[in-house]
Amino acid sequence: MTEWLAKRPAGAPMAVAIDNTNQFIGLAYRTGEGRAVPMTLLEALRPMLEAEDVEKVVHDSKGFLLAMAPLNIKAAAVTGDAMLFAFLISADPGGCSPEALAERFLDRKLNAAAEQQAEATLAVAELLRPQVEKQELWSVYRDIDLPLSPVLAQMEMSGIRVDTVVLAELSTRLNERIEGLAQQVYDLAGHPFNINSPQQLGKILFEEMALPAPFKYGKGKVVSTAADVLEGLAPAYPVAQLVLDYRQLTKLKGTYIDALPLLIRPETQRVHTTFNQTGAATGRLSSSNPNLQNIPIRTSEGREIRAAFVPEDGWELVVADYSQIELRLLAHMSQDPVLMEAFTHNEDIHTRTAAEVFKVNPLMVNSEMRRSAKAVNFGIVYGQTPFGLAQSLGIDRKEAELYIRRYFERYVGVREFIDKTIAEVRASGVAKTLLGRRRPIPDMNTRNASARLFAERTAVNTPLQGTAADLIKAAMIHIARILKEKRMRSRMLLQVHDELVFEAPVSERDELKDLIKREMENVYQLSVPLLVETGSGANWRDAK
DNA sequence: CTGGAAAGCGCC
DNA sequence: AAAGGGCGCTTTCCAG
């Protein structure tokens with residue numbers, strides 16, 4: 001802690017609301033970022049504050065040091081976290097900053113003054129607390145959102161180690177390939193241009209080089225050069241493949257390889273993300289600065305980037321992820337007998353769906369059939385249309401319609417679940433998770449057909465995605481508590497939606513794996529089992 | 001020079 | 001008429 005205190009980065013000031021007996025009220029915001037420090041974290045920091053000679057200094061959950069300005073606020077009660085309250089009342093990621101809260105609930109415009117923000121936020125918290133208490137939202141607040149907050153804070157402070165040597169080597173290697181690809185593109189085009197500019201690229205490809213322009217694909221004013229378009233052209237036009245490869249490599253280099261080393265904090269030699277608890281309308285977390293929830297894994301180059309995330313010496317990364325949690329939740333919520341049976345017997349769900357859709361014995365399912373069934377399974381969760389399925393599988397729409405029809409013939413309960421869910425959300429205007437988190441879906445009755453269909457897809461997806469988010473959050477809270485109780489040294493580092501990443505001393509690794517698997521699988525009693533797959537660092541690089 | 005929109009794409 | 005749910009980051013491009 002003292003090291004943190006010694007090096008105060010040039011950060012914005014923060015205000016903390018303190019009552020007149022100098023007790024924390026539990027609201028703190030860093031000006032400009034709207035980052036809430038929940039009252040549970042402030043409680044945790046209290047000893048440090050009292051011990052420090054520095055009168056009014058605290059650091060936030062990311063390890064930034066922040067100046068505290070005591071305020072003359074008279075309220076004596078602990079008021080709660082305004083940001084979390086607001087998110088529970090309406091899961092609107094854009095509406096939870098101190099500024100937005102003041103506008104929404106107090107009809108006040110805030111300036112940048114920390115004192116003003118804290119004071120207004122306090123008022124918002126007092127206003128919202130009874131609203132949250134009244135509804136079933138209180139248990140979500142008390143059991144999930146509030147206790148999760150210090151867990152996230154701890155994860156942010158832990159950070160994760162990144163091997164800059166690996167990244168530097170990869171950077172030079174990719175650079176050569178990128179330049180080579182660019183040169184080949186220029187040669188085919190006849191002259192250099194900015195490949196990064198979709199505008200210029202579209203002109204070169206579809207005007208100068210006269211490639212067949214994608215059928216009515218221009219969304220705005222410019223012809224689309226998106227990946228699916230280029231993929232369609234690639235077999236006949238090598239330039240398309242070159243651009244795809246160029247894009248992939250520049251993306252990896254620009255977003256990860258070159259950016260990550262700059263975000264390593266000198267104090268810890270690690271990267272510290274920020275987990276936003278009100279960042280996704282479904283109740284998922286989001287991650288930023290850097291976003292560690294979108295570290296590449298799909299391609300071999302991507303896996304090389306992931307391999308740069310390494311444990312401390314003598315430690316090991318441990319990963320655990322829920323297998324097919326959203327489809328398991330679909331089974332639970334729909335009570336579809338076939339889907340439930342598949343998961344109860346721990347079958348490969350994509351193979352099972354293939355067997356159902358293609359009406360063959362599961363043993364006769366080949367990889368092509370499984371691939372199609374996998375797309376169908378995902379499509380159901382996302383509300384995909386025959387058109388969309390056809391596009392993603394490269395088949396015609398009749399074929400896609402057949403797959404979807406066959407799916408619902410076999411999974412009748414899923415059809416009923418979807419219809420029932422849409423009807424309920426249409427009536428209530430709100431999508432709910434199993435634990436009671438609610439997301440308003442305003443467009444269910446709009447006359448705009450595309451907006452309405454979008455709302456319907458959201459209505460079906462949100463309970464699945466959102467419940468998965470609730471369950472893993474609950475598991476995180478349990479695991480963090482047990483690690484503390486057992487005085488284990490292992491630390492939770494990352495959450496990637498259905499996956500947790502830990503760092504464990506090698507001697508603790510097996511105990512940790514058992515513990516997290518048990519806690520994650522038993523976090524909630526469903527009609528089908530939850531399955532958690534654990535692995536070590538190598539799995540984080542190579543799995544999936 | 002800055003801010004924001006649009007395009008594109010990384011992940012689950 | 002659009003056509004797959006949820007995010008965050010980078011680059012380009014353009015307006016002020």
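Below, read A as the first sequence line, B as the second, and so on, with proteins coming before strands; counting in each chain starts at 1.
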Check: Given the P atoms of C:dG4 and B:dG4, what is the spacing between them in whole Å?
Finding: 30 Å

Notebook entry, point to check: Within the stacking criterion (centroid distance below 5.5 Å, interplanar angle below 30°), does A:Y382 stack on C:dG4?
Noted result: no

Item checked: Below 4.0 Å: OP1/OP2 of C:dC7 and any side-chain N or O of A:T282 -> no

Notebook entry, point to check: Atom CZ of A:R397 to atom C1' of C:dG4: distance rounded to whole Å?
Noted result: 16 Å

Check: Starting at CZ of A:F87 and ending at P of C:dG6, how long is that distance when rounded to a whole Å?
Finding: 12 Å

Next item on the list: Scan residues 420-438 of chain A against DNA chain B and write down, sorted by residue number, each residue with any heavy atom closer than 4.0 Å; if none is found, say none.
Entry: none

Item checked: Carboxylate-amine/guanidinium contact A:E103 A:K109, below 4.0 Å -> yes

Checklist line | A:E326 to A:A468 - nearest heavy-atom pair and separation | finding: CG-CB, 4.3 Å

Check: Run the salt bridge (charged side-chain N to carboxylate O under 4.0 Å, His left out) check on A:R177 and A:D245 step by step: do they pass?
Finding: CA-CA 9 Å; A:R177 287 178 59 190; A:D245 293 346; over 6 Å; no

Notebook entry, point to check: Within this structure, what is the CG-to-P distance between A:L205 and B:dG8, rounded to whole angstrom?
Noted result: 11 Å

Notebook entry, point to check: Is the shortest side-chain N/O distance from A:N194 to OP1 or OP2 of C:dT12 below 4.0 Å?
Noted result: yes

Check: Watson-Crick or G-U wobble partner for B:dA6, using a 3.5 Å limit on both distances?
Finding: C:dT11

Notebook entry, point to check: From the list C:dC9, B:dC11, C:dG6, which nucleotide is the closest neighbour of the side chain of A:N294?
Noted result: B:dC11

Next item on the list: Determine the contact category for A:E326: base if any of its heavy atoms lies under 4.0 Å from a base atom, sugar-phosphate if only primed atoms, P, OP1 or OP2 are that close, otherwise nothing.
Entry: nothing

Note to self: Whole angstroms only, please: what is the CD1-P distance between A:I195 and B:dA7?
What the structure shows: 20 Å

Checklist line | N/O (side chain, A:S288) to phosphate O (OP1/OP2, C:dG8) under 4.0 Å | finding: no

Notebook entry, point to check: Do the rings of A:Y141 and A:F85 sit parallel, tilted or perpendicular, given the 30° and 60° boundaries?
Noted result: tilted

Next item on the list: Have a look at A:V496 and say if it touches a base, only the backbone sugar-phosphate, or nothing, with a 4.0 Å heavy-atom cut-off.
Entry: sugar-phosphate

Check: How far, in whole Å, is C:dA3 from B:dA7 if one measures between their P atoms?
Finding: 13 Å

Notebook entry, point to check: Do A:Q465 and A:T458 come close enough that some side-chain heavy atom pair is under 4.5 Å?
Noted result: no

Note to self: Return whichever of A:P198 or A:N291 has its heavy-atom-nearest nucleotide of DNA chain C closer to the 5' end.
What the structure shows: A:N291

Next item on the list: Give one of base, sugar-phosphate or nothing for A:S287, where a contact means two heavy atoms less than 4.0 Å apart.
Entry: sugar-phosphate

Notebook entry, point to check: Between B:dG10, C:dG4, C:dC13, which nucleotide gets closest to the side-chain atoms of A:R298?
Noted result: B:dG10

Checklist line | Distance, rounded to the nearest Å, where A:L252 contributes CG and B:dC9 contributes C1' | finding: 10 Å

Item checked: Options B:dC12, C:dA3, B:dC9, nucleotide nearest the side-chain atoms of A:I297 -> B:dC12

Margin query: Between A:N196 and C:dT12, is there a contact of a side-chain N or O with OP1 or OP2 at under 4.0 Å?
Written below: yes

Next item on the list: Report the nucleotide, chosen from B:dG10, C:dC14, C:dG4, that has the shortest atom-to-atom distance to any side-chain atom of A:Y256.
Entry: B:dG10

Next item on the list: Report which part of the nucleic acid A:A390 touches: base, sugar-phosphate, or nothing (heavy-atom distance under 4.0 Å, all strands).
Entry: nothing

Item checked: Test item: A:R161 side-chain N/O and A:P311 main-chain N/O as donor-acceptor pair under 3.5 Å -> yes

Note to self: What is the distance, to the nearest angstrom, from the CD1 atom on A:I295 to the P atom on C:dG8?
What the structure shows: 14 Å

Notebook entry, point to check: Quick one: is C:dC13 close enough that its OP1 or OP2 comes under 4.0 Å of any side-chain N or O from A:Q200?
Noted result: yes

Item checked: Pair A:T433-A:D470, side-chain donor/acceptor within less than 3.5 Å -> yes

Notebook entry, point to check: Among the nucleotides C:dC9, C:dA3, C:dC13, which one has an atom lying closest to any side-chain atom of A:K251?
Noted result: C:dC9

Next item on the list: Could you verify whether a donor N or O on one side chain and an acceptor N or O on the other, from A:T278 and A:N276, lie under 3.5 Å apart?
Entry: yes

Notebook entry, point to check: Considering only heavy atoms, which members of residues 446-468 of chain A lie under 4.0 Å from some atom of DNA chain B?
Noted result: none

Checklist line | Evaluation steps, salt bridge (charged side-chain N to carboxylate O under 4.0 Å, His left out), between A:D336 and A:R415 | finding: CA-CA 9 Å; A:D336 179 276; A:R415 170 85 271 163; over 6 Å; no

Item checked: Protein-nucleotide distance (A:Q248, atom CD; B:dC11, atom C1'), rounded to Å -> 14 Å

Margin query: Check this one for me: any side-chain N or O of A:S197 less than 4.0 Å away from OP1 or OP2 of C:dC13?
Written below: yes

Notebook entry, point to check: Out of B:dC9, B:dC12, C:dG6, which nucleotide sits closest to the side chain of A:A226?
Noted result: B:dC9

Next item on the list: Output yes when A:K432 and A:E424 qualify as a salt bridge under the 4.0 Å nitrogen-oxygen rule, no when they do not.
Entry: no

Notebook entry, point to check: Between A:T273 and A:P290, which heavy-atom pair has the shortest distance, and what is it?
Noted result: OG1-O, 2.6 Å

Next item on the list: Starting at atom CG of A:N377, determine the distance to atom C1' of C:dG4, rounded to an integer number of angstrom.
Entry: 14 Å

Check: Using purine N1 to pyrimidine N3 plus N6-O4 or O6-N4 for Watson-Crick, or N1-O2 and O6-N3 for G-U wobble, both under 3.5 Å, which nucleotide pairs with C:dA2?
Finding: none

Notebook entry, point to check: So, does the side chain of A:R284 form a donor-acceptor pair with the base of B:dC12 at under 3.5 Å?
Noted result: yes

Check: A:R265 side chain to A:R270 main-chain N or O, any donor-acceptor pair under 3.5 Å?
Finding: no

Note to self: Nearest to the A:S224 side chain among C:dG8, B:dG8, B:dC12, which nucleotide is it?
What the structure shows: B:dG8

